[in-house]
Number of protein chains: 2
Amino acid sequence: MAVTLADVAARAGVSSATVSRVLNGNYPVAGSTRERVQRAVAELDYVVNGQARALAAATSDLVGVLVNDVADPFFGLIASALQAEVGVGAAEPGGKLTVVCNTGGSPEAELTYLTLLERQRAAGVVLTGGAVDSPAHSTAVLARLARLAASGTRIVLCGRPALTLPGESAPLTTLAFDNHGGARRLTEHLLSLGHRRIGYVTGPPERSTTGHRLAGHRAALAGHGMGPGTDAGADADQLIVHGGYDRNAGFDATLELLRRDVGVTAIVAANDTVALGVCAALRDRGLSVPGDVSVAGFDDLPFSADASPALTTVRIPLQEAGARAGRLVMGRTAPPPGGVATIATELMVRGSTAPPATRRS
Amino acid sequence: MAVTLADVAARAGVSSATVSRVLNGNYPVAGSTRERVQRAVAELDYVVNGQARALAAATSDLVGVLVNDVADPFFGLIASALQAEVGVGAAEPGGKLTVVCNTGGSPEAELTYLTLLERQRAAGVVLTGGAVDSPAHSTAVLARLARLAASGTRIVLCGRPALTLPGESAPLTTLAFDNHGGARRLTEHLLSLGHRRIGYVTGPPERSTTGHRLAGHRAALAGHGMGPGTDAGADADQLIVHGGYDRNAGFDATLELLRRDVGVTAIVAANDTVALGVCAALRDRGLSVPGDVSVAGFDDLPFSADASPALTTVRIPLQEAGARAGRLVMGRTAPPPGGVATIATELMVRGSTAPPATRRS
DNA sequence: CTGTTAGCGCATTCAG
DNA sequence: CTGAATGCGCTAACAG
C-alpha cells in the first residue's frame with residue numbers, strides 16, 4: 001500500500017527512528033544522514049500518516065468550528081478568516097485543518113459534532129453564533145466542553161455569551177459581540193431622526209443574540225421615555241414580530257406588521273438578511289424605503305452597502321473576530337484578561353433610514 | 001488521561017475486543033453482554049479515539065473540500081450543501097467531518113492542502129471552482145490526485161473541468177457547470193434586446209471558468225455576425241476588460257470601460273459580485289441601470305434577486321451541485337456515466353437588462 | 001458468541 | 001549522534 005516510515009528508513013539505510021527525527025526536526029541528526037533521509041523521502045514520495053503520528057504523539061491536526069450554516073455570510077466570514085489563520089498559509093508552520101460543522105441551529109447537531117470532534121481529539125474547537133438559551137442544552141454543552149477542555153482541547157467562543165465551566169473561576173475564552181450596545185445605538189439613531197413608531201422584526205426567540213439585540217432596542221426606547229408602562233410603550237408588543245434569520249422571515253413579518261396597521265414609520269430587522277426581506281415586502285406593498293418607511297439591519301454583511309438604498313446597519317467586525325478566534329484557538333495569542341473580550345459594534349448610517357414623512361391626512 | 005477501550009472492558013468484565021464489537025455492531029454479541037458494555041460505556045462517558053480506530057481499521061472520518069474562499073457565497077453555498085450531505089444529519093450513520101480548505105485561488109495552497117489531506121488519509125476530497133489553467137499546476141495536481149486515488153480516497157470535481165488521471169481511460173468523477181452555454185444565452189439575450197456594443201468584464205485570465213464564459217460570450221457574438229474579423233467585431237478587444245472576481249474589480253473595470261468611450265449599452269460581468277461593482281460604478285458616474293446601461297451577472301447568488309434593479313444573471317444550482325458532490329464523495333450515489341455530468345445553467349432575466357436607449361444627439 | 005494475539009505507523013524512551 | 005525496543009488505542013483475524 002502506501003509507503004511507510006520503515007520503507008524510507010530501509011531506502012536510506014537508517015533506522016525508522018532516525019527518519020522520524022529528521023522529519024520532525026526535534027532531535028540532532030548528522031547533516032549527511034539527514035540529507036540521505038530527505039532524498040529517500042523525496043524519491044519515495046513519502047507522506048506521513050497523520051493518524052499514526054497523532055496516536056503516537058497524542059496530538060491533533062484538526063480544529064473544529066461550529067457554525068449555523070457556512071452559506072450564511074455571517075458565518076462564512078468568520079469561518080473564512082478563522083481558517084486562514086489556522087491553516088497552512090499562516091506564516092508559522094504547523095498549520096491545522098479546519099473542520100466546519102453546520103449545526104443548522106440544532107442543539108442536537110451541536111452536541112453530536114462536539115462528540116465527533118472529541119473523538120478526533122481536536123486540538124481546538126470554536127463555537128460561533130448565538131447560543132440556544134435553554135438550561136438543558138447549556139448543561140449538555142457545558143458537559144461536552146468540560147471534557148474537551150480536560151483533554152487539552154482549546155475552546156473559544158466567538159459571538160456567543162461567555163460560559164464558565166463548572167468548578168472554574170474564569171469563563172472560557174470568549175469573543176462576545178456587543179449586540180446590546182449596537183442595537184441600542186441603532187434605535188437611538190431612528191429616534192433621533194424623529195421616528196416614534198418603530199417596528200421590530202426579531203430573530204428566533206430561543207437564540208441569545210435575539211434577546212440581546214431586542215434588549216438594546218428596548219433600552220433605547222426606555223431612554224426616550226417610551227418604555228413599557230408609558231403611554232408610548234403601551235402597545236409595544238404590537239410592534240414586535242418574531243421570525244427566523246432568513247429573508248423570508250423578514251418578508252412575512254413585515255406583511256404581518258402592516259396588517260396590524262400600527263403606523264410604523266421604521267422597521268428594525270434582526271439582521272441584514274432579514275432586512276432585505278423587509279425591504280422587499282415594503283416594495284411589494286408599494287411603500288418606498290426610506291420615503292415611507294425606514295429600514296435598518298444588523299451585521300453589515302457585504303451586500304448591505306450595495307443594496308439600494310444602502311442599508312443602515314450595525315457593523316460587527318466578523319473577519320477580525322474570526323481571525324482572532326483562530327489565533328486564540330491556536331494558542332498564538334493570549335486570551336483577553338478575564339477570559340472575555342467584548343467586540344465593539346459600530347452604527348453604519350446609510351440611505352435606508354431617514355426622517356419620517358411629515359404627518360398627513 | 002482519557003478513558004480507553006480497556007477501561008470499559010475492565011469495567012464491564014469483558015475483553016476489549018468485545019467492547020469494540022458492540023461499539024461497531026459488526027459482529028454478533030449476546031444481548032446481556034452488549035447491555036453490560038453499553039452501561040459501562042455510559043458510566044465512563046467513553047468516547048472512541050478516532051485516530052486509533054482509523055489507524056487500526058485503515059479508514060478515515062474526514063472529507064476535504066477545497067474552495068477559493070468559503071466567505072464567497074458561491075463557495076459557501078457549495079460547501080454548506082456538501083457538508084450537510086456528508087455530515088451527521090445525513091440520514092445514514094457514518095457521517096464524516098468536512099474539512100474546508102481556503103486556497104485563495106493559490107495553486108501552491110491547493111497542493112499543500114491536498115498533501116495535508118493525504119496525510120490524514122481523507123476518505124474523500126472535493127475540488128471546487130475553476131481550475132488554474134497552467135500545465136505545470138495541472139500536472140502537479142494530477143500527481144497528487146493520482147496518489148490520493150491510489151490510496152482509496154474518493155475524488156470529485158465540482159465546477160471544474162474534467163480531469164483524467166494518467167493511465168486511466170475515464171475521467172475523474174466530475175460535476176461540470178455549463179458556463180459556456182450560460183454565457184452564450186446571456187449574451188444572446190442582450191443581443192435580442194437590441195444591444196450591439198456589449199462590454200465584458202472578465203475574471204482572472206488564468207482561471208478556466210473565465211475562459212469558458214468568455215468563449216460562450218464570443219460564440220453568441222459570432223452567431224450574430226459579430227465575430228472577430230467582421231466589422232462589428234473589429235474592436236472587440238476594446239470591449240473586454242480583465243479583472244478579479246470581486247466587487248472592486250467590477251467597479252474599476254467599468255470605469256476603464258467608460259474611459260475608453262466605446263459606447264457600450266450593456267455590460268456583462270464575470271459573476272454577480274463583479275456585477276454589483278459594475279452597477280455601483282455606473283451609478284457613481286450618473287448612469288442608470290438599465291436606463292443607460294444594462295448589466296448582467298453570473299451565478300445567481302442569493303443577493304442578486306434583491307439588488308435593485310434585480311440582476312439579470314445565469315443561475316447555477318450550486319446547492320444541488322454541492323449536495324450531489326457530497327453524495328458522490330461519500331459513495332452514496334453512482335457517478336454519472338462516463339464520469340462527468342454537466343450541470344445545466346439557466347438564464348434569469350430580471351430588471352437590470354432592458355433594450356438600449358434609442359440613439360440620440 | 002467471546003477471549004487472545006497481532007499489528008496499524010509512528011514517536012519516543014533507553015542504550016550505545 | 002543513532003539503533004533497538006516499547007506502546008499510543010483500537011480493529012481484525014484466529015482460536016476456542
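The figures here come from the full heavy-atom set of this structure, side chains too, leaving out hydrogens, waters and symmetry mates. Proteins come first, then strands; the chains are lettered A, B, ... in the order of their sequence lines, and each starts at number 1.
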Q) What are the residues of residues 47-60 of chain B, sorted by number, that bring a heavy atom to within less than 4.0 Å of DNA chain D? A) B/Val48, B/Asn49, B/Ala52, B/Arg53, B/Ala56, B/Ala57

Rounded to whole Å, how long is the line connecting atom [atom1] of [X] with atom [atom2] of [N]?
X        : N      : atom1 : atom2 : value
A/Leu23  : C/dG9  : CG    : P     : 15 Å
B/Asp7   : D/dC10 : CG    : P     : 9 Å
B/Arg121 : C/dG9  : CZ    : C1'   : 9 Å
B/Leu5   : C/dG3  : CG    : C1'   : 14 Å

Q: Could you note down all residue pairs passing side-chain hydrogen bond (donor to acceptor under 3.5 Å, both in side chains) where residues 158-168 of chain B supplies at least one of them, sequence neighbours left out?
A: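 Found B/Glu110-B/Arg160.
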
Q. Contact class for B/Asn24 vs. all strands (heavy atom < 4.0 Å): base, sugar-phosphate, or nothing?
A. sugar-phosphate

Q: State, yes or no, whether a side-chain contact exists between A/Leu116 and B/Asp61 at a heavy-atom distance under 4.5 Å.
A: no

Partners of [X] by salt bridge (charged side-chain N to carboxylate O under 4.0 Å, His left out), sequence neighbours excluded?
X        : answer
B/Arg147 : B/Glu118
A/Arg36  : none
B/Arg11  : B/Glu43
A/Arg327 : A/Glu85

Please list, one pair per line, the donor and acceptor atoms closer than 3.5 Å that link side chains of residues 124-139 of chain B to other protein atoms, with sequence neighbours excluded.
unit_1   : atom_1 : unit_2   : atom_2 : d
B/Thr128 : OG1    : B/Leu66  : O      : 2.7
B/Ser134 : OG     : B/Ala136 : N      : 3.4
B/Ser134 : OG     : B/His137 : N      : 3.1
B/Ser138 : OG     : B/Ser134 : O      : 3.0
B/Thr139 : OG1    : B/Pro135 : O      : 2.8

Which atom pairs, donor and acceptor, lie under 3.5 Å between side-chain atoms of residues 15-30 of chain B and protein residues at least two apart or in another chain?
unit_1  : atom_1 : unit_2  : atom_2 : d
B/Ser15 : OG     : B/Ala17 : N      : 3.4
B/Ser15 : OG     : B/Thr18 : N      : 3.3
B/Ser15 : OG     : B/Thr18 : OG1    : 3.2
B/Ser20 : OG     : B/Asn24 : ND2    : 3.4
B/Asn24 : OD1    : B/Arg53 : NH2    : 3.1
B/Asn24 : ND2    : B/Ser20 : O      : 3.0

Atom pairs, N/O to N/O, protein against nucleotides 1-5 of chain D, distance under 3.5 Å?
unit_1 : atom_1 : unit_2  : atom_2 : d
D/dT2  : OP1    : A/Thr33 : OG1    : 2.8
D/dT2  : OP2    : A/Ala30 : N      : 2.7
D/dT2  : OP2    : A/Thr33 : OG1    : 3.1
D/dG3  : OP2    : A/Ser15 : N      : 3.0
D/dG3  : OP2    : A/Ser15 : OG     : 3.3
D/dG3  : OP2    : A/Thr18 : OG1    : 2.6
D/dG3  : N7     : A/Arg21 : NH2    : 2.6
D/dG3  : O6     : A/Arg21 : NH1    : 3.4
D/dG3  : O6     : A/Arg21 : NH2    : 3.3

Q: Report yes if at least one side-chain N or O of B/Ser20 is closer than 4.0 Å to OP1 or OP2 of D/dT11; otherwise report no.
A: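 Yes, within the criterion.
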
**Q.** Residue B/Glu320 excluded, over 12 heavy atoms near CD under 6.0 Å
**A.**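 More than 12 heavy atoms, drawn from other residues, nucleotides or ligands, come within 6.0 Å of this atom.
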
Q. Which angle, rounded to 10°, do you find between the first-five-pair axis and the last-five-pair axis of the helix from C/dC1-D/dG16 to C/dG16-D/dC1?
A.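 It comes to 40° between the two terminal axes.
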
Q: Sequence neighbours left out, what passes side chain to side chain contact (heavy atoms under 4.5 Å, CB included) with A/Leu55? Give chain and number order.
A: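 A/Leu55 satisfies side chain to side chain contact (heavy atoms under 4.5 Å, CB included) with B/Asn49, B/Ala52, B/Leu55 only.
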
Q) Mind checking what makes side-chain hydrogen bond (donor to acceptor under 3.5 Å, both in side chains) contact with A/Thr115, not counting sequence neighbours? A)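 A/Thr115 satisfies side-chain hydrogen bond (donor to acceptor under 3.5 Å, both in side chains) with A/Arg144 only.
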
